[in-house]
Amino acid sequence: MSLCHALFLLFCFDICYSNIFQCSECECDDLGKSIDCRNKSLFEIPANIPKWIETLDFSGNKLTDDPTPLDFSMFPNIVELNLNKNLLHSIPSMQTDVNLTTLSLSHNRILTVNSQKLEKFPSLKNLDLSGNHITELKHGMFPNCSTIKSLNLNNNNIGKIVNISFDGLRSLTELKLNRNNLTSLSTYIFSPLVNLETLEMSQNQLTEITAYSFFNLVNLTTLRIRQNAIHTLNDGAFFRLINLHVLQLDRNQIRNVTKNWLYSLKSLHRLSLSHNAIREIEGDWEDCSNLTDLDLSFNQVPAIEENTFRHLDKLKKLILSNNHIMSISEGAFTHTPELIVLDLNYNKISWTFEDDNNSAFVGLKKLRKLNLAGNMITTIHQNAFLGLESLMELDLQGNPIRTVLSNSFSLTPQLGLLYMNSTWLICDCNIDWLPEWLSLNVKPIPKLKCEYPERLKNQILVDIPRSDFLCVDSPKPRIIEEPTSQVVLADSNVTLSCRAKSSSDRPMSFIWKRHNQEISRILTDSGGEQSAQLNLYNVTFDHTAKYQCIVSNTFGTTYSRKADLSVVVLPVFVKKPSNVTIKVGSNARLECAADGHPAPQIAWRKDGGNDFRAAHERRMRVMPTDDVFFILNVKPTDSGIYTCTANNRAGTATANASLTVLEAPSFIKIMDENKMITTGEAVVLECNASGSPKPKLTWRKDGKQLVKTDRHFFTSQDQLLVITDTVHSDEGVYECEVSNSLGVEKGYTRLTVLQAYAVTGNEENLTGVIMITFVCCAVVTSAVWVVIIYYTSIRARQNNNGPVPVHALKSSASYHSDSKSDHSQSSKDSGTGNSTNRGSNEDLLGAVKCGGTGGGVREPGVGASMDGGEVSLPLLTRALVMPQPCGATIPPPPPSHTRTDHNRCCRHHHANPNSYLCLYLPPN
């Protein structure tokens, strides 16, 4: 031991023992840097404490600062000062700054915090003010840029915290506010505490956590708000707690778990919600996908549904003990594949575990410990532990187990700890395998006892020889008629039947369940064969569910298969399509929506079919969420009747609407700008137009409306203007105007009439042959000549028999009206009014041939006829000279007969294509 050390110990001895009255039991550490004067009933600080001391503990004394404040300035090296459980009213004063890092003032009489006094501790890291009389935290209580990291305000009377109370505590990492009188938290109240890691507010009177209460606490890892009266967690209650690992909300009054208040808890690992009033779990844990420990014990959860724990694929420990769980949906734990511990103790689980149609634990391949103690399980079937291949520990204590079916534990090869204490076993041949299995696989072996048959009652299972397990009629109920699935219309009545029998005379209980929830219970007076019915009246689609019959007596329970009841409602339109009239190029909008159950499927048809042009051209848009059907850039072909069909399992409903596409008039074929014709010949002017509504055609000559005459008439719905026996006055500008409600279009043709000239002698014959050839060939290509020739014939008749009505001419011309263009046909198909006839006079004339050398010639004045595939033209005069080959000698006409320009000829197209047939007409 060095000399300095020896002198120091001697000095400490002098302090501790020379002042026996003041510090008779104070203790010094080996180095003399720490003095412990706890619980010495000191009223003041001893005067002879060394100045170099670093740690002073005066807790449990009677030190007071009234009227003289305590001053520790004489200890410049002090680092830790403990003044707990004294009579102080304020923080000790310092004349100079000291390097104090820890100051404990718990359980004194301090009413407020003085920032000026705290400024004398520039190195202060830990401040304990718990157990004092502080009632409010307000601005200015803590110095700016404080170095305090841990602040303990537990066990005060704090009922109010002003928003800017923590402005100077930006270095704070731990804040404890347990056991105060806090009733609410203001928005952004903790936002200055950007470095806070731990926050505790347990045992206050908080009833609600509002949004943004913990805003900006991005470094918070632990939040404890236990034993309050919280019943509401608003949306975004824990917003911005992106690094929170532990959240404890035990012993509150929280009623549900929703995605909205779990929002942004991406880093949460442990969540404790035990001892609340939770009945509903929304089932979307996407924002807590890193959760590993979840405690929901001592709540009111009634069931575990298929998606109750969705997105918890990292969960390892799940505590659900002391709830009201009666059912677990099949596949409910497929979302928790990493689960190792599952605690379901003290619930109401029975049928979920007993029903061999349900595999509740599928997906828990890594589960090692399963607690099912204190439930209502009576039967363990073969698939009860399906999926638990890693199970090592199983607790079934406190269940009234009666039947353990053969090889029930074969799916748990690693099971080594089995806790089971049933004394109600039915010891028949179905359980003869269990004693041997227990002896080989479980240590210690549970002491199970038999209740049935009577000869084995109260005997320990493993002590019974295997030969004593006999099979007789089972006293357990056996279902002989199960409910069947049905599809029914709404508002009808439904009956489900269930029949069971038992060898025991003990009463049976029939329980009907819908969606695994009990809806009816029927008790019988005796055993034997019994039945029960479930009657449902005026069913609605809310009755759609799975129904099950469960029959039980004191020896066990039997479950029927689940029957699907589907209630369907015929589709009823809530939006019907309306008739639409729209212009070409616009977008047509048709609405259609229907209600029904199941939800109807909506389909569209056009004119009775589903193959229409808008679909092929990808101009259709269907908006299923808006119940809208669009046709983009409508065309005339889109016109028609559209049918909306709503279909479901109950039936089909239809609604019709017409779509009318309006089109401004336009020319399908531009009118010829110029036409030339020889005097006395006929001419056809065409005006082919389309539009919707059907355009009106108006013909004008030189600006004046053209009227019908014996030589001027219209065919093909006024699309063709026919002029026969042209004269010089027919020359001029012909205008065709087409119009409807959307517009007007005009076309023009200039007609020039040339003067015919006469020929004589051989020149006359040659000219006649040329003219005849030309005219006959025109007849071959234009059916319009039929009208012209026939009209000439009629005029010849008029000289003898009087005038012929114009309608006779029209009837003879109707022969040509069947020629339609592709556009006209498509317009007709689309439902638009199309006045067009795109076939030209050349197209029409192409259907007519000149007469041959044979028969088929009609009497004068009779219309054209067909004979042997050829057309015989109507005669131009009262008499006809039969055609002769042009190469033969043609006898001269009689003197009284003079040759005219009306003679015609055409090329013979049969045996001799180089010969001609000639016609000449005698004079009138």
Side-chain angles (χ1 to χ4, degrees), residues 88-91 103 105-122 124-220 222-230 232-234 236-241 244 252:
L88 303 178
H89 292 83
S90 63
I91 295 174
L103 176 60
L105 294 165
S106 69
H107 295 88
N108 280 276
R109 300 177 180 181
I110 298 173
L111 297 174
T112 187
V113 180
N114 191 318
S115 63
Q116 293 180 350
K117 291 184 177 182
L118 289 176
E119 288 176 352
K120 298 298 183 179
F121 309 116
L124 189 62
K125 297 292 189 294
N126 305 300
L127 177 60
D128 187 353
L129 292 169
S130 62
N132 282 280
H133 300 159
I134 301 172
T135 60
E136 182 181 5
L137 297 182
K138 51 188 176 181
H139 181 58
M141 295 181 69
F142 302 98
N144 290 330
C145 302
S146 171
T147 58
I148 298 175
K149 290 185 175 296
S150 176
L151 176 60
N152 188 344
L153 293 169
N154 292 343
N155 294 290
N156 278 276
N157 298 317
I158 301 172
K160 183 179 180 181
I161 303 177
V162 179
N163 268 11
I164 53 178
S165 300
F166 301 113
D167 278 3
L169 297 173
R170 296 184 180 274
S171 298
L172 199 66
T173 60
E174 182 182 46
L175 175 60
K176 296 181 179 180
L177 290 164
N178 300 322
R179 294 179 292 279
N180 278 281
N181 296 325
L182 294 173
T183 58
S184 63
L185 299 175
S186 301
T187 305
Y188 307 113
I189 190 173
F190 299 109
S191 57
L193 306 179
V194 292
N195 292 301
L196 196 65
E197 297 177 1
T198 301
L199 175 59
E200 297 181 5
M201 292 184 292
S202 299
Q203 297 183 13
N204 279 276
Q205 300 174 33
L206 297 172
T207 59
E208 180 181 10
I209 303 295
T210 59
Y212 305 110
S213 293
F214 306 103
F215 183 81
N216 213 34
L217 299 185
V218 293
N219 289 304
L220 194 69
T222 303
L223 177 59
R224 297 184 176 95
I225 319 179
R226 306 172 68 238
Q227 288 185 261
N228 280 268
I230 299 172
T232 301
L233 294 167
N234 291 327
F238 304 105
F239 181 63
R240 293 283 290 168
L241 299 185
L244 192 67
N252 282 284

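A distance-only check finds a donor-acceptor pair linking the side chain of T147 to the backbone of P122 [under 3.5 Å]. Between the side chain of N178 and the backbone N or O of M201, at least one donor-acceptor pair lies under 3.5 Å. Formation of a donor-acceptor pair under 3.5 Å by the D167 side chain with backbone atoms of H139 is not found in this model. Of the possible donor and acceptor atoms, none in the side chain of N195 sits under 3.5 Å from a partner among the backbone N and O of K149. Put simply, the side chain of S165 gets close to the backbone of V162: a donor and an acceptor are under 3.5 Å apart. The closest donor-acceptor contact from the side chain of S150 to the backbone of N126 lies at 3.5 Å or more, if one exists at all.
A 4.5 Å side-chain heavy-atom check between Q205 and N181 finds at least one atom pair inside the cut-off. Counting heavy atoms from C-beta outward, V218 and R240 have side chains that approach closer than 4.5 Å. In this structure, L185 and T210 have side chains that are not in contact, with every pair of non-hydrogen atoms separated by 4.5 Å or more.
Between Q227 and N252, the closest heavy-atom pair is N-ND2, 4.1 Å. When all heavy atoms are compared, the tightest approach of N132 to N108 is OD1-C, 3.0 Å. Taking every heavy atom of both residues into account, I189 and P192 meet most closely at O-CD, 3.9 Å.
Partners of E200 by salt bridge (charged side-chain N to carboxylate O under 4.0 Å, His left out), not counting sequence neighbours, listed by chain and number: R224. Every residue was checked against the salt bridge (charged side-chain N to carboxylate O under 4.0 Å, His left out) condition with R179, not counting sequence neighbours, and none meets it. With sequence neighbours left out, F121 forms a ring-ring contact (aromatic ring centres under 6.0 Å, His included) with no residue at all. For F142, there are no ring-ring contact (aromatic ring centres under 6.0 Å, His included) partners two or more places apart in sequence or in a different chain.
To the nearest 0.5 Å, atom OG1 of residue T198 and atom CG of residue L220 are 7.0 Å apart. A distance of 11.0 Å separates CG in N155 from NZ in K176, rounded to the nearest 0.5 Å. Rounding to the nearest 0.5 angstrom, the gap separating the OG atom in S202 from the CG atom in N154 is 9.0 Å. With rounding to the nearest 0.5 Å, the separation of CG in L177 from CG in N204 is 7.0 Å. Separating the CG atom in L105 from the CD1 atom in I110 is a distance of 4.5 Å, to the nearest 0.5 Å. Between I134 atom CD1 and L153 atom CG the span is 5.5 Å, to the nearest 0.5 Å.
Partner of E208 under the side-chain hydrogen bond (donor to acceptor under 3.5 Å, both in side chains) criterion, chosen from N234, T232, N228: N234. Checking each of L241, L223, L244 against L199 for a side chain to side chain contact (heavy atoms under 4.5 Å, CB included) leaves exactly one that passes, namely L223. When the options P143, C145, S146 are evaluated for a side chain to side chain contact (heavy atoms under 4.5 Å, CB included) with L169, the one that passes is S146. With respect to L137, the side chain to side chain contact (heavy atoms under 4.5 Å, CB included) criterion is satisfied by exactly one of V113, I161, N180, N156: I161.
Using bins of under 30°, 30° to 60° and over 60° for the plane-to-plane angle, the ring pair Y212/F239 lands in the perpendicular bin.
For residues 148-175, the ring pair (Phe, Tyr, Trp, His ring centres under 6.0 Å) pairs, not counting sequence neighbours, are F166-F190. The list of side chain to side chain donor-acceptor pair (under 3.5 Å) pairs with a residue in residues 109-120, not counting sequence neighbours, reads S90-K117.
The neighbour count for H133 NE2, taken as heavy atoms of other residues, nucleotides or ligands under 6.0 Å away, is above 12.
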